[in-house]
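A quick write-up on the structure given underneath.
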Amino acid sequence: MLKKSGFILTLLISLILFAYTPAREIKPIPHSAETRKLSTVIIEKIKKELLEGNFDSSLSEEALNHGVYGYLNLIQSGLIAPNKPLTIIDFSLPSSSKRLWTIDPKDGQILHHTYVTHGRNSGNLMATKFSNTNASFMSSLGFYLTAETYYGKHGYSLRLDGLEKGLNDQARERAIVIHGAEYANPEFIQKTGRLGRSLGCPALPMNEYKKIIDTIKDESCLFIYAPQENYVSSSQLLARQ
């Protein structure tokens, strides 16, 4: 059965690869049998990996389903190549839990799983408020395209481009980037019961951020999720899901 599902996934990925043409317009995925089948196969492979990996926190089903759907939408729109990883940040979890997953959707493998911060004005332990406005010091939900790396005040960092108009498209102007931070280390949780908070950036533990940046840089998909109906209903990438 596993061999059969692996064959189906390889075949469907090949079909998307064949159809992949660079573009900049986001288009909702047609509700084709192939798309539904591919989405289901990818999600089941990831769930199997999550279950067998015995991770110390659980990726919510909503975050996974939305993340895979948007990832496939971005492939079809030509914004990412099918061989790129998918990173999901699940803000339905508190900052004291590991709530970032980087996944290889082709085989469901979990490449990275770690802590990640939210913006200081998004909440304390939980991120509950979000903004696309400069100097709001809040996180922004939605789908991002990872961009180029650079060295700045936080050292090695990764720029992000928000792909959802009105929701996160000011990310570059707001200097929302992935970087390492001492306040993202698990030792900070032991002292305060939560991670420290950023100015809106998804900051990572110091012993992991460089490896994660190197895995996801150069136009891969990042999805930041929270259980907010107004986001899901406003997202162009999740339209007609």
Side-chain angles (χ1 to χ4, degrees), residues 16 20-29 63 66-91 99-105 111-112 116-119 122 127 130-181 184 198-204 209-226 228 231-232 234-239:
I16 287 185
Y20 171 69
T21 53
R24 301 305 295 178
E25 182 182 0
I26 296 173
K27 301 175 183 178
I29 298 175
H66 292 327
V68 170
Y69 185 91
Y71 168 85
L72 293 176
N73 204 330
L74 288 170
I75 291 175
Q76 181 164 301
S77 298
L79 287 170
I80 59 170
N83 62 342
K84 292 290 186 176
L86 165 63
T87 299
I88 299 176
I89 294 174
D90 186 358
F91 281 157
R99 53 185 180 170
L100 178 145
W101 287 260
T102 297
I103 304 162
D104 180 354
L111 305 175
H112 302 286
V116 61
T117 68
H118 56 255
S122 283
F130 305 94
S131 175
N132 192 36
T133 304
N134 193 29
S136 67
F137 302 153
M138 294 186 194
S139 301
S140 298
L141 300 178
F143 289 88
Y144 295 77
L145 192 68
T146 65
E148 73 277 10
T149 59
Y150 71 100
Y151 285 88
K153 65 179 181 179
H154 297 291
Y156 190 49
S157 304
L158 175 63
R159 297 193 194 278
L160 300 172
D161 289 313
L163 296 174
E164 304 204 66
K165 189 172 182 180
L167 296 171
N168 63 16
D169 60 335
Q170 297 303 305
R172 185 172 283 261
E173 288 73 13
R174 294 178 62 202
I176 302 300
V177 303
I178 293 178
H179 61 80
S198 67
L199 300 183
C201 297
L204 305 176
Y209 79 99
K210 290 181 180 178
K211 293 181 292 186
I212 294 173
I213 287 175
D214 283 339
T215 300
I216 69 174
K217 65 183 180 181
D218 299 330
E219 300 186 341
S220 74
C221 176
L222 167 67
F223 176 51
I224 300 180
Y225 169 79
Q228 297 207 341
Y231 162 69
V232 175
S234 302
S235 172
Q236 186 180 358
L237 273 159
L238 299 178

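- In this structure a side-chain-to-backbone donor-acceptor pair under 3.5 Å is missing from D161 to A171.
- Not counting sequence neighbours, D104 has no partner by the salt bridge (charged side-chain N to carboxylate O under 4.0 Å, His left out) test.
- Of all heavy-atom pairs spanning C221 and L74, the tightest one is SG-CD1, 3.6 Å.
- For the salt bridge (charged side-chain N to carboxylate O under 4.0 Å, His left out) test, no residue two or more places apart in sequence or in another chain qualifies with D218.
- In this structure, S235 contributes its side chain and Y231 its backbone to no donor-acceptor pair below 3.5 Å.
- With values rounded to the nearest 0.5 angstrom, I176 atom CD1 is found 8.5 Å from L160 atom CG.
- We find the CD1-CZ distance between I224 and R99 to be 10.0 Å, quoted to the nearest 0.5 Å.
- Proximity of I178 to Y209: side-chain heavy atoms (C-beta onward) are nowhere separated by under 4.5 Å.
- The side-chain heavy atoms of Y71 and F223, taken from C-beta on, include no pair separated by under 4.5 Å.
- Between Y151 and Y156, the angle of the ring planes lies from 30° to 60°, which puts this pair in the tilted group.
- In this structure, the side chain of D169 engages the main chain of G166 through a donor-acceptor pair within 3.5 Å.
- Taking both residues in full, the closest heavy atoms of I88 and I103 are given as CD1-CD1, 4.2 Å, listed atom of the first, atom of the second, then distance.
- The distance from atom CG of L158 to atom CG of L204, rounded to the nearest 0.5 Å, is 9.5 Å.
- Once rounded to the nearest 0.5 Å, the distance linking CD of E164 with CG of L238 reads 6.5 Å.
- Nearest heavy-atom pair, S122 versus F130, reported as atom, atom and distance to 0.1 Å: OG-CD2, 4.2 Å.
- With a 6.0 Å radius and a threshold of 12 heavy atoms from other residues, nucleotides or ligands, K217 has its NZ atom above the threshold.
- A donor-acceptor pair under 3.5 Å is formed between the side chain of S157 and the backbone N or O of G155.
- Contact of the E173 side chain with the N134 side chain is not registered, since no non-hydrogen atoms from C-beta on lie closer than 4.5 Å.
- Taking all atoms of both residues into account, the shortest heavy-atom contact from P202 to V177 is CD-O, 3.4 Å.
- Residue R159 comes nearest to R172 through the heavy atom pair CD-NH1, 3.2 Å, listed as atom of the first residue, atom of the second, then distance.
- Taking all atoms of both residues into account, the shortest heavy-atom contact from I80 to S220 is CG2-C, 4.1 Å.
- The distance from the OG1 atom of T215 to the CG atom of L111 is 6.5 Å, given to the nearest 0.5 Å.
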Listed pairs under 3.5 Å, donor-acceptor, residues 137-144 side chains, sequence neighbours left out:
unit_1, atom_1, unit_2, atom_2, d
S139, OG, G119, N, 2.9
S140, OG, S131, O, 2.4
S140, OG, R174, NH1, 2.8
Y144, OH, S140, O, 2.7

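- Separation of atoms CG (N132) and NZ (K165) is listed at 11.5 Å; rounding is to 0.5 Å.
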